[in-house]
Structure formats: C-alpha cells, structure tokens
Amino acid sequence: MEPQSNDLVMCQICRQTKPLRDTVDAHEVRPMLVEQARRARGAWDPEGYVCLEDLDHLRIDYVREALETGKQEVTELRSEEHTSELQSH
C-alpha cells in the first residue's frame with residue numbers, strides 16, 4: 001500500500017513524527033547533505049525520512065561551511081601573495 005500524504009512518518013534527524021507531505025524520502029537527499037547529516041547526527045538511514053525543516057537546516061549548515069572554507073582559502077591565498085611580495089622586495 002502506497003503511503004498517503006497525511007500518513008505520519010518519523011524524521012530521522014529530529015525524531016519527531018510528521019505528516020509525509022512535510023518530509024522528503026532520505027534517498028532523495030543530495031549526497032552532500034547526507035554527508036552533512038552524518039557528520040552532525042551520526043547514522044543515516046537511506047530508507048528513512050527527513051522533515052523539510054531539518055532539510056533546510058542541513059542546507060544552511062552546508063552553505064555556511066562552504067562559505068567559511070572559501071573564506072579561509074582566500075585568506076591563505078592573500079597571505080601567500082603578501083609573503084611573495086615581501087620576498088621579492
């Protein structure tokens with residue numbers, strides 16, 4: 001029997017019961033977000049569900065980490081350029 005949109009399922013992140021229409025099948029979550037969830041929460045069940053609210057939190061955390069990594073890379077490049085300029089003078 002196919003699940004109906006108002007059936008209740010448990011979100012594997014927050015462990016709350018939510019209507020199916022407010023969740024996403026875990027196997028549909030992008031791999032980068034699955035890795036984000038594994039790092040933050042531990043285990044991941046590809047047959048489970050994730051509520052839309054927690055999926056949004058995973059997206060925000062992923063973007064935040066990507067921006068921080070990019071910022072660190074830019075800082076390192078600027079530092080290398082500055083060191084190179086000092087050595088050339």
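Computation of the quantities below employed the complete heavy-atom set of this structure, encompassing side-chain atoms and omitting hydrogens, waters and symmetry-equivalent molecules.
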Rounded distance (nearest 0.5 Å) linking atom CD of Q36 with atom CZ of R64: 9.5 Å
Euclidean distance, D54 CG relative to D22 CG, rounded to 0.5 Å: 12.0 Å
Pairwise distance SG(C51) to NE2(H57) - rounded to 0.5 angstrom: 7.5 Å
Crowding at CZ, R21 (>12 non-hydrogen neighbours, <6.0 Å): yes
Minimal non-hydrogen separation, A26 against Q12, with atom names: CB-NE2, 3.3 Å
same_hphob_cluster(Y62, L52) at 4.5 Å side-chain heavy-atom cutoff: yes
Distance (rounded to the nearest 0.5 Å) between M10 CE and D45 CG: 11.5 Å
Rounded distance (nearest 0.5 Å) linking atom CZ of R30 with atom CZ of R59: 8.0 Å
Approximate separation, where rounding is to 0.5 Å, of R38 CZ and L58 CG: 12.0 Å
Side-chain touch D25/Y49, heavy atoms, less than 4.5 angstrom: yes
Any side-chain heavy-atom pair of W44 and L33 under 4.5 Å: no
D7 vs P19 side-chain heavy atoms within contact, under 4.5 Å: no
4.5 Å side-chain heavy-atom contact, E53 and Q16: no
Joint hydrophobic cluster, I60 plus M32, side-chain heavy atoms closer than 4.5 Å: no
side-chain contact (heavy atoms from CB on, under 4.5 Å) partner of V50, chosen from V34, I13, T23: I13
